[in-house]
Amino acid sequence: MADEKSLHFLEEIVERDLKEGKYTGIATRFPPEPNGYLHLGHAKSICLNFGLALKYGGFTNLRFDDTNPTTEETEYVESIKEDVRWLGYNWANEFYASDYFEQLYTFALRLIDKGLAYVDDSSSEDMATQKGTPTKPGVANQYRSRSIEENRQLFTDMRAGKYKDGEKVLRAKIDMAHVNMLMRDPVIYRIKHAHHHRTGDAWCIYPMYDFAHGQSDSIEKITHSICTLEFVPHRELYDWCIQKLEIYPSHQYEFARLNVTYTVMSKRKLLTLVNEKYVNGWDDPRMPTLSGMRRRGYTPESIREFCDKIGVAKRENLIDIGLLEFCVREHLNKIALRRMVVFNPIKVVLTNYPEGQEEILTSENNPEDPSTGVREMPFGKELFIEADDFMEVPAKKYFRLAPGQMARLKSAFIIKCDTFVKDANGSITELHCTYVPESRSGSDTSGLSVKGVIHWVSARHAVPVEVRQYDRLFRVEDPALIGELADALHPDSIKVTTAMAEPALQSATKADRFQFMRTGYFCLDADASEKKLIFNRTVTLKDMWAKETAKGK
RNA sequence: UGUCCUAUGGUGUAAUGGUAACACUGCAGAUUUUGAUUCUGCCUUUCUAGGUUCGAAUCCUAGUAGGACAACCA
């Protein structure tokens, strides 16, 4: 019996519309501009739009808002499609605003014929001046009173390529003194002699967002057009166009965009990170892009769960990145295969283990999911363990190895540290331990009980692998508050080291998710090859001991 | 010195005029062959001032705070 989850405000609107019989089914759309890669903020929008249609019976179109040929590229179209699919959603139709250019042009003519649009020859500077400010009304210029015939001719000539970029624009004729700046005769068409990624050189005039988006919604009979809060002032213009054009009345609703601590979500800033080479491309595992997160090892399930948990509302928010990490740990804990990898090895010699002997031990692949079975681990006289798992002088509450102390090697034997060897620098290089033969996991008759359990690999069988340990990209909670993006960067957002892995990892595939026991969740990186295994750390395991030791400092 | 949007624990989100709750975080404990997971408990909340009402987080008014709006970007 699942408890009723309360509805967010958009679900309430949809339910009310459905109940009142306004619609029999809903239609939404996800409308990215193909000028960058999708990020976590887009995921929120995708989950919302597709989720609503899925929940209430309807469909979602993927519509590329490609009205600005100078910034848009096919490369982005492909990545966007891949990311939406990866997140787990299927669009009903793949559309482009550019599919509607001819229709939109007709709409513009309709406005002209109604005396609701005019061609303006002003420079953009002059237009800005004439527009006034939020507190000062704008003023009309001489072009505003051009005749319908003249406007028609001029606009037709604009399309025919008779003018250069910036020479003329088409403006809606609304109200230069309107309290909403966007209603002060907004530009709806501009001249751009530029190659468009889909329409090629067919057009030299392109509609502005406000004369393309709502109309596209209307053409597709979108019932609920959902966007972020910064478009609230556009709604008035959105409705004006639909009303004057007398076309299908789609409605716009706005929600608060996603912000996450220690990251940035603006396309401009992400582009800067890529262009200035602060990261290695859009899919750098430190990026909050979906391609970056995918490469890092995030699962679509965990991202969807995150989007569900953060909710949908209208107030500005800054979500703790810890919630994202919680979501991915929660999922990975259920599906990741357990493996042992020693990051900072010291050698352990089992002095009472017969010389030359080896045996095969087994260990669960995933205790959360017994159906995943076990894998085999070779065991021998010489092992590697984590340097951190030994303390010459144990701290209080430390219950791993120390001189005279015992610990269990996970899935193997209990060992006791007898002596240790130091090198010339005073750092510990080797531990000499004795193992308890009758303490073998699964058939332990030793009667001993030890609290410390540590991971290990057989020295002779250990496989060196590269591990890329990522940390947050920014050192401050809200990088937007720092003027220069570079100043907000975390200096150690990536640490590359070589670690010693158990042999089972040699058969890792790119689809596998691993938990390196007691360390974190990892996956094979795209750069990995048969010869060289490279693992990305998706997220660390929660570490209460680290917290405990930090307290003392 | 305009218009619009928003205001609930540290962070998010509920409560739809009738006992302020859920998740994350934090803290404490139990279990544990991962100091993980799991489980238990605890801390902490309605921006301010008026008003309406038997009763207000919820409705009204004013204030305060934050955000948006002056691209031929979306």
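Numbered from 1 within each chain, the chains take letters A, B, ... in sequence-line order.
Atom NZ of A:Lys168 is separated from atom P of B:C72 by 17 Å (rounded to the nearest Å). Atom NZ of A:Lys547 and atom P of B:G35 are 15 Å apart (whole Å). Remark: P of B:A36 and CG of A:Leu541 are 8 Å apart, rounded to the nearest angstrom. Going from atom CD1 of A:Ile319 over to atom P of B:C22 covers 19 Å, rounded to whole Å. In this structure, A:Leu258 places its CG atom 11 Å from P of B:U13, rounding to the nearest Å. A:Leu271 has its CG atom 16 Å from the P atom of B:A74, to the nearest Å. To the nearest angstrom, P of B:C22 lies 17 Å from CG of A:Leu323.
In terms of polar N and O atoms assigned as donor or acceptor, the side chain of A:Ser441 comes within less than 3.5 Å of the base of B:U33 in a complementary pairing. Residue side chain A:Arg400 reaches the base of B:G35 through a donor-acceptor N/O pair under 3.5 Å, judged by distance alone. In this model, no side-chain donor or acceptor of A:Arg329 finds a partner on the base of B:U37 within 3.5 Å. In terms of polar N and O atoms assigned as donor or acceptor, the side chain of A:His234 comes within less than 3.5 Å of the base of B:A74 in a complementary pairing.
If you check every strand for non-hydrogen atoms under 4.0 Å, A:Tyr206 touches nothing. Using a 4.0 Å heavy-atom cutoff across all strands shown, A:Thr67 reaches sugar-phosphate atoms only and no base atom. Residue A:Lys267 is out of contact with every strand shown, counting any heavy-atom pair closer than 4.0 Å. Among the protein residues, A:Gly442 comes within range of the nucleic acid bases, having at least one heavy atom under 4.0 Å from a base atom. Among the heavy atoms of the strands lying under 4.0 Å from A:Met517 is at least one base atom, whether or not backbone atoms are also near. Residue contacts shown for A:Tyr189 are absent, as no nucleic acid heavy atom lies under 4.0 Å away. Counting any heavy atom pair closer than 4.0 Å across all strands shown, A:Ser122 reaches a base atom. Nucleic acid contact class of A:Lys136 (heavy atoms, under 4.0 Å, all strands): none. Within 4.0 Å (heavy atoms only), A:Glu236 reaches no atom of the nucleic acid at all. At the heavy-atom level, A:Asp320 lies under 4.0 Å from the strands shown only through sugar-phosphate atoms. Counting non-hydrogen atoms under 4.0 angstrom, A:Arg184 reaches nothing in the nucleic acid. Within 4.0 Å (heavy atoms only), A:Met208 reaches sugar-phosphate atoms of the nucleic acid but no base atom. Residue contacts shown for A:Pro367 include a base, since a base heavy atom lies under 4.0 Å away. Contacts of A:Phe211 with the nucleic acid, taken as non-hydrogen atoms under 4.0 Å apart, are absent.
Under the Watson-Crick or G-U wobble criterion, with both distances below 3.5 Å, B:G2 is paired with B:C69. Across every strand in view, B:G26 sits in a pair with B:C42 that passes the Watson-Crick or G-U test at under 3.5 angstrom. Checking B:U34 for Watson-Crick or G-U wobble geometry (two distances, each under 3.5 Å) identifies no partner in any strand. The nucleotide B:U13 finds its pairing partner in B:A21, both defining distances of the Watson-Crick or G-U wobble pair being shorter than 3.5 Å. Across all strands shown, B:C59 pairs with B:G51; the Watson-Crick or G-U wobble distances both stay below 3.5 Å.
On the P atoms, B:U13 is 22 Å away from B:A65, given to the nearest whole Å. Here the separation of B:U38 from B:U6, taken at their P atoms, is 37 Å to the nearest Å. The same atom, C1', is picked in B:C43 and in B:G29; the two are 15 Å apart, to the nearest Å. Of the C1' atoms belonging to B:A70 and B:U3, the separation is 13 Å, rounded to the nearest Å. Annotation: B:A56 and B:U46 have their C1' atoms spaced 11 Å apart (nearest Å). Here, B:C47 and B:G12 have their P atoms 14 Å apart, quoted to the whole Å. Straight-line distance between the P atoms of B:U1 and B:A15: roughly 40 Å, to the nearest whole Å. With both ends at atom C1', the span from B:U8 to B:A20 equals 8 Å, rounded to whole Å.
Across every non-hydrogen atom of A:Ser441 and A:Arg408, the tightest pair is OG-NH1, 3.2 Å.
Considering only side-chain atoms of A:Asn68, the nucleotide from B:U13, B:G26, B:A74 that sits closest is B:A74. Here the nucleotide nearest the side chain of A:Val187, chosen from B:C72, B:A70, B:A36, is B:C72. Comparing B:U25, B:U33, B:C24 against the side chain of A:Lys542 picks out B:U25 as the nearest. Among the nucleotides B:G35, B:G26, B:C73, the one closest to any side-chain atom of A:Phe399 is B:G35. Each of B:G35, B:U34, B:C72 was ranked by its minimum atom distance to the side chain of A:Val169; first place goes to B:C72. For A:Asn333, the listed nucleotide lying nearest its side chain is B:U37; candidates were B:U37, B:A14, B:A74. Candidate nucleotides B:G67, B:G35, B:C72 were compared by shortest atom distance to the side chain of A:Glu316, and B:G67 ranks first. Of all nucleotides listed (B:C69, B:G12, B:G35), B:G35 comes nearest to the side chain of A:Met544. Nearest to the side-chain atoms of A:Arg518 among the listed nucleotides B:A70, B:U34, B:C73 stands B:U34. Of the candidates B:A23, B:A74, B:U13, B:A23 carries the atom nearest the A:Lys309 side chain, counting heavy atoms from C-beta on.
Salt-bridge check for A:Arg144 with A:Asp185: passed, with a basic side-chain N closer than 4.0 Å to an acidic carboxylate O. Electrostatic pairing of A:Arg171 and A:Asp120 counts as a salt bridge here, judged by a charged N lying under 4.0 Å from a carboxylate O.
Panel note: side chain A:His331, backbone A:Thr299; no donor-acceptor pair is recorded below 3.5 Å. Looking at A:Ser363, its side chain never comes within 3.5 Å of a backbone N or O of A:Ser411 through a donor-acceptor pair.
The aromatic ring of A:Tyr209 does not sit over the base of B:A74, since the test of centres under 5.5 Å and planes under 30° is not met.
Comparing A:Asn317 and A:Gly132, the nucleotide of RNA chain B nearest to each residue sits closer to the 5' end for A:Asn317. Of the two residues contacting RNA chain B, namely A:Leu409 and A:Phe326, the nearest-nucleotide position lying further toward the 5' end is that of A:Phe326.
Ring geometry for A:His234 versus A:Tyr209: interplanar angle over 60°, hence perpendicular rather than tilted (30 to 60°).
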**Item:** salt bridge (charged side-chain N to carboxylate O under 4.0 Å, His left out) between A:Arg338 and A:Glu364, intermediate numbers included
**Value:** CA-CA 7 Å; A:Arg338 272 55 173 175; A:Glu364 303 160 290; over 6 Å; no

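Cation-pi contact between A:Arg339 and A:Phe516: absent, since separation from the ring centre below 6.0 Å together with deviation from the ring axis within 45° is not met.
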For residues 314-323 of chain A, which side-chain donor-acceptor pairs fall under 3.5 Å, sequence neighbours excluded?
residue, atom, partner, partner atom, Å
A:Asn317, ND2, A:Arg257, O, 3.3
A:Asn317, ND2, A:Arg315, O, 3.3
A:Asp320, OD1, A:Gly322, N, 2.8

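Side chain to side chain, A:Arg29 and A:His213 meet the donor-acceptor criterion of an N or O pair below 3.5 Å.
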